[in-house]
Amino acid sequence: MMDNAQWIAAFFQEESAVSLLADKPVFAQVDSFAVVGFLIACDERFTDFSAVDTDQLAQLTLAELAAVLDSLQG
């Protein structure tokens, strides 16, 4: 099974044909349609995703975003 960092990278590779850079905020590397699709996918994949302040996700790198999703899996 893919870990969350791999899942995020694969999602954006498939949706936007973007290979994410580790040191840049994820959402700054993709278009807004891909971000919306990602948020919807997260809501479907993680039952507690609605508790996440999505405004805070905007500046997170791949590792930081994966850590947020990891915390939802408890």
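Under a 3.5 Å cut-off, the side chain of Glu15 and the backbone N or O of Gly37 do not form any donor-acceptor pair. Formation of a donor-acceptor pair under 3.5 Å by the Glu44 side chain with backbone atoms of Ala41 is not found in this model.
Asp31 and Ala34 make their closest contact through OD1-N, 2.8 Å (heavy atoms, listed as atom of the first residue, atom of the second, distance). Nearest heavy atom pair, residue Ser19 against residue Gln13, reads OG-OE1, 3.1 Å. Closest heavy-atom contact between Ala9 and Leu62: N-CD1, 4.3 Å. Counting all heavy atoms, side chain and backbone alike, Asn4 lies closest to Arg45 at OD1-NH2, 4.0 Å.
The line from CD of Gln6 to CG of Asp3 is 4.0 Å long, rounded to the nearest 0.5 Å.
A heavy-atom distance below 4.5 Å is found between the side chains of Val30 and Leu20. Using a 4.5 Å cut-off on side-chain heavy atoms (C-beta onward), Val26 and Leu60 make no contact. Residues Trp7 and Cys42 are in side-chain contact: their nearest non-hydrogen atoms beyond the backbone lie under 4.5 Å apart. Looking at Leu39 and Phe27, their side chains come closer than 4.5 Å, going by heavy atoms from C-beta outward.
Checking Val52, Val35, Leu69 one by one against Leu57, the side chain to side chain contact (heavy atoms under 4.5 Å, CB included) holds for a single residue, Val52.
Taking the six-membered ring where tryptophan is involved, the planes of Phe12 and Phe38 are tilted, since the angle between them lies from 30° to 60°.
In this structure Glu64 satisfies the side chain to side chain donor-acceptor pair (under 3.5 Å) test together with Thr61, sequence neighbours excluded.
Shown here is Glu14, whose CD atom has no more than 12 heavy atoms of other residues, nucleotides or ligands within 6.0 Å.
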